[in-house]
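Written out below as structure tokens is the structure these notes cover.
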Amino acid sequence: MSTPHTSQAPHVVVAGAGIAGLALARRLAHHGWRVTVAERAPGPRPQGYMIDFFGPGYDAAQIMGLLPRIRELGHDFDEAVLVDERGRRRASIGFRRFAQALGGSLVSIMRPDLELALRENLPEGVELIYGAALTGVEERPDGVEVRLSDGRVLDADLLAGADGIHSTVRGLVFGPEEDHLLHLGFHTGAFVFEDADLHAELRGRFLLTDSMGAQMGFYGLAGNQVAVFAVHRTQETTLPKDPRRALREACAELGWPVTRALERCPEPEWVYYDNVAQSRMDAWSKGRVVLLGDACQAVSLLAGQGASMGMGGAFVLAEELDRAATVFEGLERYEARWRPVVAERQSAARTGTSWFLPDTRLRLRLRRLILGLAALPGVDRWVASAMSGRPSRVVEDLAATPLPETSGGAAGGR
Ligand SMILES: Cc1cc2nc3c(=O)[nH]c(=O)nc-3n(C[C@H](O)[C@H](O)[C@H](O)COP(=O)(O)OP(=O)(O)OC[C@H]3O[C@@H](n4cnc5c(N)ncnc54)[C@H](O)[C@@H]3O)c2cc1C
């Protein structure tokens, strides 16, 4: 740990109390930084979807001591099953087998619960402000001035933009969104609804429609709740005014159990809906402003690892700042170490789009076949790595590397 939380300790303002922002706040406070997290939403965001959590973020959560709580809030599923429009099983893969192929490190957890685990028992030195959107940034030779929508003006040594795929920090400092997002040709939606019959039918399984062009996945939660996500192909990048209607139109032909889900789809404000996109940036920092999470490295839900990568990247950023002599050195080392991992995941997601949601009958059949073969030893590992990318040890290796003796952390040199 560097400097204790005194007024001499370096100060970071984190924009966004999502997974990446909260993980960074925890880890920098652990290293002695003063942290102000400014979140636009009036309180914790209740809308959610299921996150299969594995990979670098899982490793970071383990090192930060969060895993027992994440497991407690998480859900266990026995298998993932492809079903046709009449609900008949077409292929399946055991969740445990998939988890084993990933080294046993997989937990399914709703996004608000993962944020809860990160938000609970925040370490000393972290102030979390809700209803405070970042609205302005001005860099000075010795620091950065941050303006918030509640009228506060904060002086900091570093501004970290963890404000998601439509990042305001990125827009203010790096340029317009259209220069930094690559649309992959899909829209996605997610919501939670109550349905005792469907919940009983799910029986601890994750169901995915075996369909082309559009598909929907179902997870049973506690108390007869069902969490669904939908993905459909479209070249339209303007979002519809009514996401519920858009989902009903895109998924109308998918049959059981989609019809039930669409009937029970809640009011639009409870529906998550967005383009499926990746962030594309030449550099992740400029002066004393750095980006993390979806703001700079969104891999898209097609890679199924955005949350994990957000947490892993936040961990790497905090460790590199702690090890560096100056903030600038820490930011440079963060990007040098973490960018190759992100690039590999983004590339795997782009290559895998037509497998995630098949675009031809042949691919649909092949996906079924491969999933069926995944029950075989050896093939399971191949399928797991094809779906999740090459395993990365960056987080574990960094945590195991001792601090250089000369380092006082960026805290010292600022
Ligand atoms: C349907 C779906 C399924 C997914 N499944 C998985 C999965 O299985 N596994 C996985 O690892 N990932 C998954 N992901 C991806 C994952 O959810 C995201 O990558 C992750 O949530 C990104 O975290 P983040 O903290 O970077 O951004 P966000 O979660 O978007 O958080 C950004 C925060 O910043 C706040 N904010 C925005 N603007 C401002 C501002 N101006 N000032 C202050 N605050 C602001 C927002 O309110 C929000 O709280 C999935 C995504 C979707 C959509």
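No experiment lies behind these values; they were computed from the predicted model shown. Order of listing sets the numbers, starting from 1, for every ligand and every atom in it.
Between Asp52 and Ser108, the side chains place a donor N or O and an acceptor N or O closer than 3.5 Å (distance only, hydrogens not considered). In summary, the side chains of Gln215 and His232 do not present any donor paired with an acceptor at a separation below 3.5 Å, with no hydrogens or angles considered. Neither side chain, Arg350 nor Thr353, offers a donor N or O lying under 3.5 Å from an acceptor on the other.
The protein heavy-atom contact nearest to atom 44 (N) of ligand 1 is Arg40 N, 3.2 Å. Among all protein heavy atoms, the one lying closest to atom 26 (O) of ligand 1 is Asp294 N, 2.8 Å. Atom 5 (N) of ligand 1 has as its closest protein heavy atom Met50 O, 3.7 Å. Among all non-hydrogen protein atoms, the one lying nearest atom 29 (O) of ligand 1 is Arg45 NH2, 3.3 Å. Atom 49 (O) of ligand 1 has Glu39 OE1, 2.7 Å as its closest protein atom, hydrogens excluded (heavy atom only). With hydrogens left out, the protein atom closest to atom 16 (C) of ligand 1 is Ala307 N, 3.6 Å, a heavy atom. Counting protein heavy atoms only, atom 1 (C) of ligand 1 is closest to Leu301 CD1, 3.6 Å. Protein heavy atom at the shortest distance from atom 6 (C) of ligand 1 is Ile51 CG1, 3.9 Å.
For the pair Met281/Gln297, no side-chain contact is recorded, criterion being any heavy-atom separation below 4.5 Å from C-beta on. The side-chain heavy atoms of His187 and Leu247, taken from C-beta on, include no pair separated by under 4.5 Å. Two residues are said to be in side-chain contact when any heavy atoms from C-beta on lie closer than 4.5 Å; Glu127 and Val37 fail this criterion. Put simply, the side chain of Tyr49 does not reach to within 4.5 Å of the side chain of Val228, judged on heavy atoms. In this structure the side chain of Met212 reaches within 4.5 angstrom of the side chain of Arg361, judged on heavy atoms. Between Asp157 and Arg288, some side-chain heavy-atom pair lies under the 4.5 Å cut-off. With a 4.5 Å cut-off on side-chain heavy atoms, Arg170 and Ser279 count as touching.
Considering Gly304, Ala227, Gly164 only, the shortest heavy-atom separation from atom 30 (O) of ligand 1 involves Gly164. In this structure, of Leu302, Asp163, Thr168, the residue bringing a heavy atom nearest to atom 36 (N) of ligand 1 is Asp163. Remark: among candidates Tyr49, Phe191, Tyr273, Phe54, the nearest residue to atom 51 (C) of ligand 1 is Tyr49, based on non-hydrogen atoms.
Of the heavy atoms in Ala38, only backbone atoms (N, CA, C, O) come closer than 4.0 Å to ligand 1. The proximity of Ala162 to ligand 1, defined as any non-hydrogen pair under 4.0 Å, is limited to the backbone. With a heavy-atom cut-off of 4.0 Å, Tyr272 touches ligand 1 through its side chain alone. When heavy-atom distances to ligand 1 are checked against a 4.0 Å cut-off, His166 has no atom that comes that close, whether in backbone or side chain.
Between Ile19 and ligand 1, at least one pair of N/O atoms sits closer than 3.5 Å. At least one N or O atom of Leu134 sits closer than 3.5 Å to an N or O atom of ligand 1. The shortest N/O to N/O separation between Ala190 and ligand 1 does not fall below 3.5 Å.
Atom numbering of ligand 1 starts at 1 in the shown order; those under 4.0 Å from a heavy atom of Ala20 are 25 (O), 26 (O). Residue contact check: Gly293 has heavy atoms under 4.0 Å from atoms 26 (O) of ligand 1. Ligand-side atoms of ligand 1 in range of Gly16: 33 (C), 34 (O), 35 (C), 43 (C), 44 (N), range being under 4.0 angstrom from any heavy atom.
Under the salt bridge (charged side-chain N to carboxylate O under 4.0 Å, His left out) test applied with Arg244, the options Glu267, Glu249, Glu269, Glu263 reduce to a single match, Glu267.
Within the structure, ligand 1 lacks Met309 among the residues with a heavy atom less than 4.0 angstrom away. Residue contact annotation: Gly310 has no non-hydrogen atom under 4.0 Å from ligand 1.
Residue pairs meeting the ring pair (Phe, Tyr, Trp, His ring centres under 6.0 Å) criterion with at least one partner in residues 196-216, sequence neighbours excluded, are Phe206-Tyr219.
His75 and Phe77 have parallel rings, their planes meeting at less than 30° on a 0 to 90° scale where 60° marks the start of perpendicular.
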N/O donor to acceptor pairs below 3.5 angstrom from side-chain atoms of residues 176-184, sequence neighbours left out:
residue	atom	partner	partner atom	Å
Glu177	OE1	His166	ND1	3.2
Glu177	OE2	His166	ND1	2.9
His180	ND1	Pro176	O	3.4

